[in-house]
Structures are given as C-alpha cells and as structure tokens.
**Q** 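Okay, handing you the structure first.
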Amino acid sequence: MSFTSIPILDLQLARDPASKPEFLEQLRHALLEVGFLYLKNVGIPEGLFQEVIKKGMGFFDIPLEEKLKIEMKNAKSFLGYSQLSAEITAGEIDHREQIDLSTEHAVPPPSAPLYYNLLAPNQWPSESHAPGFRATYTDYMSRMGDISIYFTSLIAEAIKLPGDAFNKYFEQDQQHKLKVVKYPDMAELGRSGQGQGVGPHKDSMLTSYLLQATAHRGLQVQNVQGEWIDCPPIDGTLVVAIGQGMEALTQGVCVSTTHRVLSPAAGSGPRFSIPFFQGVKLDAEFDDLETVGVGEVPEDVKEQRRKVIERTGGRIDDVEFTFRKGAVATTLGEATLRNRIKSHPDVGERWYPDILSAIREEQAASAAKPRQTAASKGGTTGLAPKAVEAH
C-alpha cells in the first residue's frame with residue numbers, strides 16, 4: 001500500500017547531533033515514499049508567522065483599485081496582483097486571488113536573456129493601504145530562503161550525498177518566490193459541486209514550503225493508488241513539497257507528488273495560504289541537470305526506492321509536463337518563462353505575444369493528436385510538470 005497520511009518531522013532534531021541520525025532516517029522515508037511532509041520547529045519566530053498571516057489576509061481587504069495599481073500584467077516579471085480566476089492549471093481556471101512576490105532584484109539590462117525579466121523588483125501595495133506589509137514579507141522571505149537552503153542540505157544527507165551537493169544550483173543572490181493566496185468559498189463563487197482552487201499538479205524546482213493560514217481543509221496529495229489524501233492544517237508546521245527538479249537531480253530517488261487544492265465549502269469562508277518556493281539559478285541547463293547532477297546517489301538508497309515502487313505498485317502520474325529536455329527551452333529560465341506565460345496568458349498577451357502565440361499553436365497541435373501519457377512513453381522524462389506554484 002502507498003501512504004495514507006503525511007509524516008510530521010521536527011527540524012529541531014536535525015540541529016542536535018545526537019538526534020540528527022533519527023531525523024535523517026525519518027526524512028529519507030518521507031522523500032522515498034511520500035514526497036510531502038509537515039515540518040515543525042523550523043526556526044521562525046511565532047510572532048513573525050502571525051504577522052505574515054495577519055498582513056497577508058489583510059492585503060485582500062485593500063480596495064480593488066489599489067490592488068489593480070500593482071496588477072501582475074503591469075510588469076514583465078509575473079510579480080504582482082492577480083484577480084480572481086486569472087490563472088489556469090491543467091486546462092481549467094483556478095478559483096483564487098493572489099499576489100506574487102520574490103526576493104528582489106534590480107531590473108535586468110537590455111542585453112540580458114529574456115528570462116531575466118523574471119528577476120525584478122516587487123510590486124508592493126502602498127504603505128498607506130498595507131502598513132508593514134513590505135517589511136514583514138521581506139523579512140519572512142529572507143528567513144525562508146536560509147531555511148530552504150539548510151533543509152536542502154539535509155535532503156542531500158538523508159540520501160547519503162554530501163550536504164553541499166545541491167549548492168551548484170544556487171546563486172549567492174538566489175531568487176526565491178512567495179505567494180499570498182485567497183480561495184473564496186463556493187457560495188462566494190456562486191458555484192455548486194466541487195470547485196478547483198488549483199488543479200492537479202506537481203511543484204517545480206527543488207522544494208516548497210506552505211504556511212496554511214486558516215483552518216480549512218482543501219490541500220490534497222495523491223498517492224500511487226490514485227487516492228487523494230487530505231493534508232489539513234497543523235498548527236506550528238509548514239507543509240514541504242518535493243519538486244520535480246529534486247526528483248530529476250536524485251535520479252528518481254526523491255519523489256515529487258501530485259497535489260491539488262479544492263475550493264472551500266459554501267459558508268466556510270475563504271481559505272488563505274502562503275506558499276514559499278525555493279529558487280534555482282535560471283541559467284542552469286537541462287544537460288547539466290541530467291548528466292552532471294549532484295553526484296551518484298548510493299546504490300543502497302536507490303534500492304530502497306525500488307522496493308518502495310515494487311511494494312506500492314507505483315504508477316506514472318498523468319500530469320502536464322512543461323520542463324522537458326529536448327523541448328523548446330534549454331535552460332530552467334527559459335522553461336520557467338514559458339510556463340508563466342502559459343499560466344498567465346494576460347501577462348503573455350501584453351509582454352510576450354510571440355511566445356504566447358507559439359505556445360497556443362503547440363497546444364492546438366497537441367490537442368489534435370491522440371493523448372499520449374507519460375505511462376505510454378515508458379517513464380517520466382521531464383524535469384518538472386507544470387510549475388503551478390500554489391497550494
């Protein structure tokens with residue numbers, strides 16, 4: 001049988017040499033069998049968590065005309081505010097409202113590759129309408145960046161690689177991303193049945209860290225039997241998802257897991273969540289990722305993963321792949337830009353019409369062919385599926 005619950009790990013155990021081996025064993029289990037975990041005692045003050053939640057939820061109370069001043073389509077970077085139902089996943093509309101932020105960078109020079117447009121200053125709400133928002137989120141992203149790099153070193157150790165095995169894929173001024181997301185309940189949406197907060201997807205890159213800001217259920221993780229397992233909020237924890245980049249770099253040992261978000265039930269009020277996404281340098285090339293990698297994962301760890309697949313009857317997920325060697329993009333930056341254009345066509349229409357047109361032609365050609373899943377191809381060859389970046 002596959003997993004039926006999400007494991008809870010205590011990061012404090014990793015900081016004590018006496019208990020670190022126990023933590024690494026627990027982490028190895030989570031990496032090889034689940035691809036998701038709860039992490040507690042991450043090292044961020046509780047007061048900061050509460051400010052992040054308070055100011056994040058408060059952002060959506062700002063007058064719409066103020067939020068539209070920082071709308072995502074105003075910038076080439078895909079940073080800024082997105083109105084309700086402005087993003088697409090798995091070909092369907094996601095019913096959420098959000099603001100996208102990142103660790104800030106200067107506007108790139110005209111000579112830089114086009115995907116450097118993703119590196120940019122944030123579009124912040126005004127201090128008069130959102131006092132303290134910028135300071136709180138700047139602090140939180142900085143701390144989470146450090147935590148993500150540390151946790152990635154623990155992943156390396158858990159699968160018996162050197163702790164610095166992934167460092168080659170980070171830059172000194174690495175860009176990380178964050179979203180503040182509001183999922184209206186079904187009554188507010190004026191809909192019945194089951195609503196799509198975010199459609200089935202896997203995260204890209206290496207790791208992501210979700211702060212579930214309200215008590216709503218909604219996040220679900222799919223096991224290899226195809227069952228959807230609830231991942232409800234647990235006080236004092238972040239939910240960690242392993243990305244397809246990590247799966248590729250570890251030769252399939254660390255599993256990336258399909259997940260989705262359901263819209264809150266009618267009358268339950270909106271669900272709020274704040275996911276943080278660890279970045280990887282945009283110039284990284286697929287050839288480097290697939291042939292150089294992080295070093296050979298020891299055979300005994302690979303054998304553990306093979307036994308998990310045999311025991312659970314592992315299945316190939318039928319999700320949309322975007323980061324794929326041999327496709328149009330040759331770097332993570334190019335693939336990420338194309339993926340953002342696909343998810344936010346309003347931004348693509350304004351700033352990247354030629355790429356959006358090419359993507360639509362590819363989609364039309366693909367739709368005209370019989371569906372060919374990863375399973376029918378004999379394996380998962382892409383680096384990452386659609387990089388939805390939201391929980």
Side-chain angles (χ1 to χ4, degrees), residues 35 72-73 76 78 82 85-96 113-115 117-118 194-205 222 224 226 228 241 243-248 252 255-261 277 280 282 284-287 289-290 314-390:
M72 182 183 287
K73 66 183 181 182
K76 301 176 181 179
F78 295 87
S82 293
S85 306
E87 189 166 0
I88 297 170
T89 301
E92 300 291 337
I93 292 173
D94 295 330
H95 297 294
R96 54 183 168 139
L114 192 63
Y115 58 82
N117 284 341
L118 299 171
Q194 181 174 289
Q196 174 172 304
V198 179
H201 68 281
K202 295 182 181 182
D203 286 356
S204 64
M205 306 308 182
Q222 191 175 45
V224 295
W228 288 105
Q244 271 281 336
M246 181 67 75
E247 183 171 327
V255 60
S256 182
T257 306
T258 299
H259 50 286
R260 68 182 182 184
V261 176
F277 304 93
V280 178
L282 296 177
E285 297 184 355
F286 289 115
D287 283 342
L289 290 169
E290 292 195 336
R315 59 191 278 278
I316 301 298
D317 291 293
D318 183 19
V319 293
E320 177 186 357
F321 278 76
T322 299
F323 294 168
R324 186 187 303 280
K325 182 181 177 181
V328 176
T330 60
T331 65
L332 282 181
E334 290 173 283
T336 301
L337 177 61
R338 285 176 56 85
N339 188 68
R340 300 298 280 161
I341 293 170
K342 185 183 295 185
S343 294
H344 295 278
D346 56 341
V347 183
E349 289 277 10
R350 182 164 185 178
W351 300 107
Y352 307 99
D354 292 345
I355 298 177
L356 179 61
S357 177
I359 288 172
R360 285 174 169 166
E361 289 178 7
E362 293 164 12
Q363 291 173 328
S366 178
K369 297 178 181 178
R371 179 74 181 260
Q372 186 180 30
T373 67
S376 67
K377 297 174 186 175
T380 54
T381 57
L383 272 176
K386 187 178 184 297
V388 176
E389 296 183 339

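Atom set for the values below is all heavy atoms of this structure, side chains included, hydrogens, waters and symmetry mates excluded.
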**Q** Using a 3.5 Å distance criterion without hydrogens, assess whether the side chain of Tyr352 forms a donor-acceptor pair with backbone atoms of Lys76.
**A**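 Yes, Tyr352 side chain to Lys76 backbone: donor-acceptor pair under 3.5 Å.
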**Q** Side-chain donor-acceptor pair under 3.5 Å between Thr331 and Glu334, yes or no?
**A**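 There is such a pair (donor and acceptor under 3.5 Å, judged by atom type) between the side chains of Thr331 and Glu334.
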**Q** Would you please test His201 and His259 for side-chain contact (heavy atoms from CB on, under 4.5 Å) and show each step?
**A** CA-CA 6 Å; His201 68 281; His259 50 286; 3.2 Å; yes
**Q** Do you know the tightest heavy-atom contact between Gln244 and Ser256?
**A**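 Smallest heavy-atom distance, with atoms named: N-OG, 3.4 Å.
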**Q** Indicate yes or no: at least one non-hydrogen side-chain atom of Leu332 is less than 4.5 angstrom from one of Met205.
**A**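 With C-beta onward as the side chain, the pair touches.
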**Q** Would you mind reporting whether Gln363 and Lys342 have side-chain heavy atoms less than 4.5 Å apart?
**A**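 Yes. Closest side-chain heavy atoms under 4.5 Å.
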**Q** If you define the side chain from C-beta out and look only at heavy atoms, does anything of Leu337 sit under 4.5 Å from Leu282?
**A**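 Result no, sub-4.5 Å side-chain heavy-atom pair not found.
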**Q** If you look at every heavy atom in Asp94 and Gly197, which pair is closest and at what distance?
**A**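 Shortest heavy-atom contact: CB-O, 3.1 Å.
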**Q** Rounded to the nearest 0.5 Å, what separation is found between the CD atom of Glu247 and the NZ atom of Lys202?
**A**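 Glu247 atom CD to Lys202 atom NZ measures 5.5 Å (nearest 0.5 Å).
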**Q** With a 4.5 Å limit on heavy-atom distance, are the side chains of Arg340 and Val347 in contact?
**A**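 Result no, sub-4.5 Å side-chain heavy-atom pair not found.
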**Q** Look up atom CE in Met246 and atom CG in Asp203, then write down how far apart they are to the nearest 0.5 Å.
**A**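 So the CE of Met246 and the CG of Asp203 are separated by 12.0 Å.
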**Q** Does Asn339 offer a backbone N or O that forms a donor-acceptor pair with the side chain of Ser343 under 3.5 Å?
**A**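 A pair under 3.5 Å: yes.
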**Q** Shortest non-hydrogen contact from Arg360 to Pro345?
**A**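 That would be NH2-CB, 3.8 Å.
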**Q** What's the spacing between Leu114 CG and Asp354 CG if we round to 0.5 Å?
**A**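 Output value for this atom pair is 10.0 Å.
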**Q** Quick one: closest heavy-atom pair of Ser82 and Met72, and the distance?
**A**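 Where Ser82 meets Met72 most closely, the heavy atoms are OG-CE, 3.4 Å.
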**Q** Answer yes or no: is there an ion pair linking Arg338 with Glu362, defined by an N-O contact shorter than 4.0 Å?
**A**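 Salt bridge: yes.
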**Q** Rounded to the nearest 0.5 Å, what separation is found between the CD atom of Glu361 and the CG atom of Leu356?
**A**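 Interatomic distance, Glu361 CD to Leu356 CG, rounded to 0.5 Å: 10.0 Å.
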**Q** Would you give the length of the straight line joining atom CZ of Phe78 to atom NE2 of His344, rounded to the nearest 0.5 angstrom?
**A**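 Rounded to the nearest 0.5 Å, the CZ-NE2 separation comes out at 7.5 Å.
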